[in-house]
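Values in this document were obtained by computation on a predicted structure and should not be read as measured data. Reminder, nothing fancy here: chain letters follow the sequence lines and each chain counts from 1.
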2 protein chains.
Amino acid sequence: MRGSQAPTLEAVARAAGVSRSTVSRVINNLPGVSKRAKLAVDRAIAELRYVPNQAARNLVTRRTNSIALVVSERGDRVFSDPFFAKILRGVYAGMAGSRRQLVLLMDQDREDGALEAYLCGGHVDGAVVVSLHRGDPLPARLVEAGLPVVLVGRPLADVKVPYVDSDNFTGAVTAARHLVSSGRRKIATIAGPQDMAAGVDRLNGWQAGMVEPADRIAHSDFSVEGGARAMAELLDKYPDIDGVFAAADIIAVGALRTLAEHGKRVPDDIALVGFDDSVLATTTAPQLTTVRQDVEELGRTTTWHLLAQLAGEQVLPPSVLLPTALVERSST
Amino acid sequence: MRGSQAPTLEAVARAAGVSRSTVSRVINNLPGVSKRAKLAVDRAIAELRYVPNQAARNLVTRRTNSIALVVSERGDRVFSDPFFAKILRGVYAGMAGSRRQLVLLMDQDREDGALEAYLCGGHVDGAVVVSLHRGDPLPARLVEAGLPVVLVGRPLADVKVPYVDSDNFTGAVTAARHLVSSGRRKIATIAGPQDMAAGVDRLNGWQAGMVEPADRIAHSDFSVEGGARAMAELLDKYPDIDGVFAAADIIAVGALRTLAEHGKRVPDDIALVGFDDSVLATTTAPQLTTVRQDVEELGRTTTWHLLAQLAGEQVLPPSVLLPTALVERSST
DNA sequence: CTGAAAGCGCTTACAG
DNA sequence: CTGAAAGCGCTTACAG
């Protein structure tokens, strides 16, 4: 990189007329440097446009000043769901001022064990792992290898890894109660993937919020197509439903499409509640009533948690649950 | 990282009964190692769960095995526009198999010069820079510092930096011709930001594709709100328009909202063409006729270009233009 | 407050 | 085909 003769610490020391130790102290803001020496060093650094070699630093300090964001999901899903964009934004915001860099890792690196090798190989100081599925051994392995890890989203397995999640359960309860209290009587749900806590918790919450038996259930992944399909399934099995809780806005978008195709009016014939309050919720017609979760905050809090861990803080809560809230729009 | 006693090359050498040099040769797949030695080394590596220390490697090879994706844009825009998600996906896909990692850098690091220092400080082997605005000195500086760089999107300044872009001009020509040939006579455009090539080229293309004087223009940034505002402006200044080319789907979404508020039917009263063919185009009602650009391919091609440069390939085209195409839906 | 020296864990000529 | 040795550019006790 940068020509062949990037200036070294040595060069700065010579130019400033001090030792390498002193230059190092100035660079790292260590105490015990005379004003005079510091001045000379600062000047030399500016003059030579000196930038410390990170590799040399990492080698000796055994830190990398970077953390990984591991998205345990296939690329096509990652990038079609606004959820990940917001997580990324939150993580990035959470790192601001930490002087650390973000390395992005995705599922495609997992095939040959490259991802685990990388993470355990001392290339990053810690990791935020998002979108974990049931039975994934990754977090346990990372922790075992001594890597500080914080998860976005509750893990379904009983692993001792701290996590930050939205209160999906309570959010779903609220959604169900909203449908009930607005007079809907035949309420169904399109549940999300049951191999993820978000899917499980929202289904449980919906059931807990219902008064009648809550057994009108169709399943979907977090995608428009899945939502469209699941909605068709519901209409087929329960032609008289008048309310639906979709476990994600992206699912609700698909459901809306199917409802339109079947000539069902929303909310007149069927009320629809989503989950997320993503950008999607306001681009649909009608705009979606939905359960708001602050996904960016989720990413930010998770990152803070990790950074605090790296800073050696001890009294960290083992996990954090962020509040959710109903946002009423035109679909109910 | 990883406990305190990660095994080193030295340990592997001892365990295998060979020298460090030989172990290094095996690890790096260099020729000139006997089958016997290689076997012993491989076994020792597996036994000790040895993972090479990247910092030490970087220090001596002067390579980092990572490249940067620099998004020269404020976070709030980056993460609300599907464009960046697709770019990221493309870049990531383009890196597959390169054994390199992706470091994400955003505008927030620019304030104190940290971003430039990082990039020029030998922390990455090269950079993909996206969303450049007019007059940004960054690419020139990076190139000057000897860092291989490829831009996503044509730079407006006359810098000698390779780039990959969609053929925005031709796409916009097609959009204008489509409106004209479908019988619209009072056609307007909502132009994108004129400090970016995408905005400039699409405006020029629209004008080139028109037959009558093309002067019904409102300006917007790439946002829903901007599009809504610009559409209101157009309706106010040119109440008789019957066709609009919006320079991006996200702008068209805002325009649709305003049109609905004003009781204008699409496409009956006013035909609307977007640009991008993003997910937004199919979640609106009516679905958008739009100009498709393959943003993921844009990211992928840019990354290939960079990797080829890093691999020392000489006959690289200085820039690449990817095709665009009209996708007809219900808004025209 | 300052400097000489050791050492972080690799790769790479060089000699055999 | 193999190994001894130098060196990459830093930080960090240690001695003064």
Any side-chain donor near an acceptor of the partner, A/S72 and A/D136, under 3.5 Å: yes
Hey, is CD on B/E144 packed in by over 12 heavy atoms from elsewhere, all under 6.0 Å? no
Short side-chain N/O contact from A/S24 to OP1 or OP2 of D/dC10, under 4.0 Å: no
Specify the residue among A/L30 and B/K38 whose closest nucleotide of DNA chain D lies further upstream toward the 5′ end. B/K38
For C/dC1, does either OP1 or OP2 sit under 4.0 Å from a side-chain N or O belonging to A/T22? no
Spacing of B/R57 atom CZ relative to D/dC10 atom P, expressed in whole Å: 21 Å
Do A/S166 side-chain atoms and A/L322 backbone N/O form a donor-acceptor pair below 3.5 Å? no
Can you find a donor-acceptor pair, distance only, under 3.5 Å between B/R25 side chain and D/dG3 base? yes
Under a plain distance cut-off of 3.5 Å, with no hydrogens placed, do B/R57 and B/N28 share a side-chain donor-acceptor pair? yes
Base paired to C/dA4 (Watson-Crick or G-U; both N/O distances under 3.5 angstrom): none
I'd like to know whether B/L119 forms a side-chain contact (heavy atoms from CB on, under 4.5 Å) with B/V124, so could you lay out the CA-CA distance, the side-chain angles of the two residues, the decisive distance to 0.1 Å, and finally the verdict. CA-CA 6 Å; B/L119 290 173; B/V124 295; 3.9 Å; yes
CG of B/N65 versus P of C/dC10: gap in Å, rounded? 14 Å
Give the rounded distance in Å between these two atoms: CG of B/N53 and P of C/dT11. 10 Å
For C/dG3, take OP1 and OP2 only and decide whether either is under 4.0 Å from a side-chain N or O of A/S19. yes
What's the CG-P distance between A/L9 and D/dT12, to the nearest Å? 12 Å
NA contact type, A/N28, heavy-atom cut-off 4.0 Å: base, sugar-phosphate, or nothing? sugar-phosphate
Given DNA chain C, 5'-ward residue of the pair A/K35 and A/R20, judged by closest heavy atom: A/K35
At under 4.0 Å between heavy atoms, what does A/A37 touch on the DNA or RNA strands: base, sugar-phosphate, or nothing? sugar-phosphate
Rounded to the Å, how far apart are A/L59 CG and D/dG7 P? 17 Å
Which whole-number value in Å describes the distance from B/R63 CZ to D/dC8 C1'? 14 Å
Under a 3.5 Å cut-off for both distances, is C/dA13 Watson-Crick or wobble paired, and to whom? none
Check whether any side-chain N or O of A/T61 sits under 4.0 Å from OP1 or OP2 of D/dT12, and answer yes or no. no
Rounded to whole Å, please give me the gap between CD1 in A/I27 and P in D/dC10. 7 Å
Here's a test of your reading of the structure: between B/S21 and B/A56, which maps to the more 5' nucleotide of DNA chain D? B/S21
In whole angstroms, the gap separating P of D/dA4 from CD of B/E10 amounts to 10 Å
